Colleague: 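Structure below; questions to follow.
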Amino acid sequence: MSVPVRVRFAPSPTGYPHLGNIRTALFNWLFARHNNGVFILRIEDTDVARKVEGATEIIMESLQWLGLDWDEGPVFQSDRLDLYKMYARELVKEGRAYYCFCSPERLEVMRKEQMMRKQPPGYDRHCRDLTEQQVDSLMTEGKVPVVRFKSPLKGQTVVTDLIRGEVVFENSTLDDFVLLKSDGYPTYHLANIVDDHYMNISHVLRAEEWLSSTPRHVLLYSALGWQPPQFAHLPMILGPDKSKLSKRHSATAINEYQNQGYLPEAMVNFLTLLGWSLDDKTEIMSREEIIKNFSIERVSRTAAVFNVAKLEWMNGMYIRALNVEDFAKRSLPFVEQGLPPGIKRPVDTDYLRLIAPLVQERARTLAEVPQLVDFFFVNELQYDSEMLMGKLDKGQAVSILSQTIDTLKKLDAWETESMEEAVRPLVAESGLKAGPFFGVIRVAVTGRTASPPLFQTMEVLGRERSMQRLGAALSRFIS
RNA sequence: GGCGCAUUCGUCUAGGGGUUUAGGACGCUGCCCUCUCAAGGCAGAGAUCACCGGUUCGAAUCCGGUAUGCGCUACCA
């Protein structure tokens, strides 16, 4: 019988979660779902100074956007301060921790000196051996202490990591870290251990940056007489400069990707592949496939650089896989937002549905859709006559336009096929290649040199608008 | 400075002693398709598997050292 899997995502509420946080959440969620376990959301709001109002809501929205549903929580550490205090006191009582009255100023000076002497910085254990009387008198003076853990001076602590194996730390390199701050809040180390224990967390999946503090956690578990969970330290996600992803890098927050028109399912697929792989070739996988196959054994040990270009490609794959209806629906908010202000809102959704199939395979993100479709909406096309002529001369352009207008005018049905049937012969007669010939019409109708297929575009645009645009182009040359 | 982790094409990765002339993907280049742009198809360039030693009949794969990168080194998480 193995322990039931219970994992948690435990961000601190400091703003939009960035890609690294989200990847951690994702792996925890995948691990829980694969093992029919429980995924818990816990908010680590023990740093009053860094706490940002509304951040919890933002975190929850981000998880929801990606479809990472949690089974318990959100649990707030700030609601459980008494619990942490209780264990801090207990540890002091048992001689496993002590009160420290050193001022921030003293600590600062101490650190500077250590740095200057090229010594490893760390608390010098000044208060470690205060007598009970000394503590009492400092207390009555009104001094507010922190509680520090009494790290063993010698011996080793072994961390067993599911991804990295056994990692051995010399206890002499561990300092007496703070458990309870002077404002009564616990540090991460204390709160984390107490909560993981109380919530019966079975596996701690977190970023590699935590590996160095894990021996402290192991020591704490043992001091409290608790069984530690299993640890798995996930490889970090790096910026293009190979340093830890942070605000210095562009677009690190998850909401930026939402705003840029990335699909959550593409995001999930892509992030899954940052540090995990199924085999030597499978890349596009449904959520179900990923859940079915996810395992810690296949998590890589090496940090991964976040590569937007590949995300773009994958997002394009997902966009093309959408059914047209869905694509139109998901594009709508981006179109509403991205079309020039002069165009009437709300945007005609039936019209957009007709346009959608013409641009779906041309968009890599939903945010690109407005630029792809705007000529369907604007009243007056902006382009210069040079563009209209392309490599042809004025006479040729005039002839192409007038012949096309005459031909289309006689057409009964304004449909892609009949238009093409009627216009194609003109190309042959002109002695030109189809490219340049259609190029003139394309610019006349769309105002650009690259567009969806011409006749399909004209069909959707409608007879009236198409003819009007062709006429407008012709009148540039004949006034 | 100390401690820890890591090191396979530019990037994400497969590989876990012989099946490897190191596979796939993104990106890049070329060709095909083609009314343009995409999409799609095909092809190509791109990795002395960080380096040096060792183990072994045989090493990208195991061991040691070195180098480099990154992380931690707070009353932040």
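Chain letters run A, B, ... following the sequence lines, proteins first, then strands; residues in each count from 1. Keep in mind that what you see is a predicted model, and the values were worked out from it rather than measured.
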Colleague: Regarding A:K281, tell me which of base, sugar-phosphate or nothing describes its non-hydrogen contacts under 4.0 Å with the strands shown.
Modeller: sugar-phosphate
Colleague: Would you mind pulling out the nucleotide paired to B:G27, Watson-Crick or G-U wobble, both distances under 3.5 Å?
Modeller: none
Colleague: Using a 4.0 Å heavy-atom cut-off across all strands, classify A:R117 as base, sugar-phosphate, or nothing.
Modeller: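 No contact.
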Colleague: Across nucleotides 34-41 of chain B, 5' to 3', mark each nucleotide with B, S or - according to how protein heavy atoms within less than 4.0 Å reach it.
Modeller: -BBBBSS-
Colleague: Is there a Watson-Crick or G-U wobble partner for B:G46 with both distances under 3.5 Å, and which nucleotide is it?
Modeller: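 WC or wobble partner does not exist here.
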Colleague: Which pair of heavy atoms, one from A:L162 and one from A:A232, lies closest together, and at what distance?
Modeller: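 Heavy atoms of A:L162 and A:A232 come nearest at CB-CB, 4.0 Å.
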Colleague: Can you check the distance between B:G58 and B:G17, where both ends of the measurement are the C1' atom (answer in whole Å)?
Modeller: 8 Å
Colleague: Which base sits across from B:G16 as a Watson-Crick or G-U pair, both distances under 3.5 Å?
Modeller: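 Pairing partner, where one exists within any strand: none, as none qualifies.
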Colleague: Check every atom of B:U13, B:C76, B:G71 against the side chain of A:D47 and return the nucleotide holding the closest atom.
Modeller: B:C76
Colleague: Taking salt bridge (Lys or Arg N to Asp or Glu O under 4.0 Å) as the cut-off, I'd like each qualifying pair that reaches into residues 273-284 of chain A, sequence neighbours left out, listed once.
Modeller: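 Passing the test, one end in residues 273-284 of chain A: A:E283-A:K310.
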Colleague: With sugar-phosphate meaning primed atoms plus P, OP1 and OP2, does A:C100 contact a base, only sugar-phosphate, or nothing at under 4.0 Å between heavy atoms?
Modeller: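 Touches nothing.
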Colleague: Write down the distance separating the C1' atoms in B:A59 and B:G54, rounded off to the nearest Å.
Modeller: 12 Å
Colleague: Using the test salt bridge (Lys or Arg N to Asp or Glu O under 4.0 Å), find all partners of A:R111 that sit at least two apart in sequence or belong to another chain.
Modeller: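 With sequence neighbours excluded, A:R111 shows a salt bridge (Lys or Arg N to Asp or Glu O under 4.0 Å) to A:E108, given in chain and number order.
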Colleague: Is there a donor-acceptor contact under 3.5 Å linking the side chains of A:D45 and A:Y185?
Modeller: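 Note: A:D45 and A:Y185 side chains miss the donor-acceptor criterion.
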Colleague: Indicate, with a heavy-atom threshold strictly under 4.0 Å, whether A:R448 touches base, sugar-phosphate, or nothing.
Modeller: nothing
Colleague: The side chain of A:T173 lies closest to which of these nucleotides: B:C26, B:C76, B:G2?
Modeller: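 So the nucleotide nearest the side chain must be B:G2.
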Colleague: Where the side chain of A:L107 is defined as all heavy atoms beyond and including C-beta, which of B:C75, B:A6, B:G71 is the nearest nucleotide?
Modeller: B:C75
Colleague: B:U7, B:G15, B:C72: which one has an atom nearest the side-chain heavy atoms of A:R298?
Modeller: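 Ranking B:U7, B:G15, B:C72 by closest atom to the A:R298 side chain puts B:G15 first.
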Colleague: Is the terminal nitrogen or CZ of A:R23 (NZ for Lys, CZ for Arg) located under 6.0 angstrom from the six-membered ring centre of A:F27 and within 45° of that ring's axis?
Modeller: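 Verdict for A:F27: a cation-pi partner in A:R23.
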Colleague: Within the 4.0 Å heavy-atom criterion, would you say A:S277 contacts the bases, only the backbone, or no part of the nucleic acid?
Modeller: sugar-phosphate
Colleague: Using a 4.0 Å heavy-atom cut-off across all strands, classify A:P186 as base, sugar-phosphate, or nothing.
Modeller: sugar-phosphate
Colleague: Kindly assign one of parallel, tilted or perpendicular to the pair A:F177 and A:H189, based on the angle between their ring planes and the thresholds 30° and 60°.
Modeller: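 A:F177 and A:H189: perpendicular rings.
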Colleague: Does A:K310 place a side-chain N or O at less than 4.0 Å from the phosphate oxygens OP1/OP2 of B:U13?
Modeller: no
Colleague: Going by salt bridge (Lys or Arg N to Asp or Glu O under 4.0 Å), name the pairs with one or both residues in residues 161-172 of chain A, residues two or more places apart or in two chains.
Modeller: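 Pairs touching residues 161-172 of chain A that pass the test: A:R164-A:E208.
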Colleague: Any side-chain donor paired with an acceptor under 3.5 Å for A:T365 and A:N315?
Modeller: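 No, no side-chain donor-acceptor pair sits under 3.5 Å.
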Colleague: Rounded to whole angstrom, note down the C1' distance from B:A67 over to B:A43.
Modeller: 39 Å
Colleague: Could you tell me whether A:R148 sits above the aromatic face of A:Y123, with NZ or CZ closer than 6.0 angstrom to the six-membered ring centre and within 45 degrees of the axis?
Modeller: yes
Colleague: Do any side-chain nitrogens or oxygens of A:T46 fall under 4.0 Å of OP1 or OP2 in B:A77?
Modeller: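 So the side chain of A:T46 is within the cut-off, an N or O lying under 4.0 Å from OP1 or OP2 of B:A77.
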Colleague: Using a 4.0 Å heavy-atom cut-off across all strands, classify A:F169 as base, sugar-phosphate, or nothing.
Modeller: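 Sugar-phosphate only.
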Colleague: Which part of the nucleic acid does A:G275 contact within heavy-atom distance under 4.0 Å: base, sugar-phosphate only, or nothing?
Modeller: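 Here A:G275 touches the backbone only, sparing every base.
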Colleague: With a 3.5 angstrom cut-off on both distances, give the Watson-Crick or G-U wobble partner of B:C51, or none if there isn't one.
Modeller: B:G65
Colleague: Which is true for A:E283 with a 4.0 Å heavy-atom rule: it touches a base, it touches only sugar-phosphate, or it touches nothing?
Modeller: base
Colleague: What's the closest nucleotide to the A:T187 side chain, out of B:U73, B:C76, B:U11?
Modeller: B:C76
Colleague: Once the angle between the rings of A:F231 and A:H233 is folded into 0 to 90°, is it parallel (under 30°), tilted (30 to 60°) or perpendicular (over 60°)?
Modeller: parallel
Colleague: Between A:Y257 and A:F270, is the ring pair (Phe, Tyr, Trp, His ring centres under 6.0 Å) condition met? List the steps.
Modeller: CA-CA 12 Å; A:Y257 291 88; A:F270 183 77; 9.0 Å; no
Colleague: Could you check whether A:L238 gets within reach of a base, just the sugar-phosphate, or nothing at all, counting any heavy atom under 4.0 Å?
Modeller: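 Here A:L238 touches no strand at all.
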Colleague: For residues 430-451 of chain A, pull every pair meeting ring-ring contact (aromatic ring centres under 6.0 Å, His included), keeping only residues two or more places apart or in separate chains.
Modeller: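 Every ring-ring contact (aromatic ring centres under 6.0 Å, His included) pair that includes a residue of residues 430-451 of chain A, provided the two are not neighbours, is A:F438-A:F455.
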Colleague: Any N/O pairs under 3.5 Å between the protein and nucleotides 61-67 of chain B? List them or say none.
Modeller:
none

Colleague: Between B:G10, B:C5, B:C76, spot the one nearest the side chain of A:R50, thanks.
Modeller: B:C76
Colleague: Do any side-chain nitrogens or oxygens of A:R216 fall under 4.0 Å of OP1 or OP2 in B:A74?
Modeller: no
Colleague: Counting only Watson-Crick pairs (N1-N3 plus N6-O4 or O6-N4) and G-U wobbles (N1-O2, O6-N3), all under 3.5 Å, who is the partner of B:A74?
Modeller: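 Paired with no nucleotide.
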Colleague: Distance check: side-chain N/O of A:K51 vs OP1/OP2 of B:C76, anything under 4.0 Å?
Modeller: no
Colleague: Expressed as a whole number of Å, how far does the P atom of B:A14 sit from that of B:U61?
Modeller: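 One P to the other, the span is 16 Å.
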Colleague: Categorize A:M314 for me: base, sugar-phosphate, or nothing, with a 4.0 angstrom heavy-atom threshold over every strand shown.
Modeller: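 Here A:M314 touches no strand at all.
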Colleague: Select base, sugar-phosphate, or nothing to describe what A:V178 touches, counting heavy atoms under 4.0 Å on all strands.
Modeller: sugar-phosphate
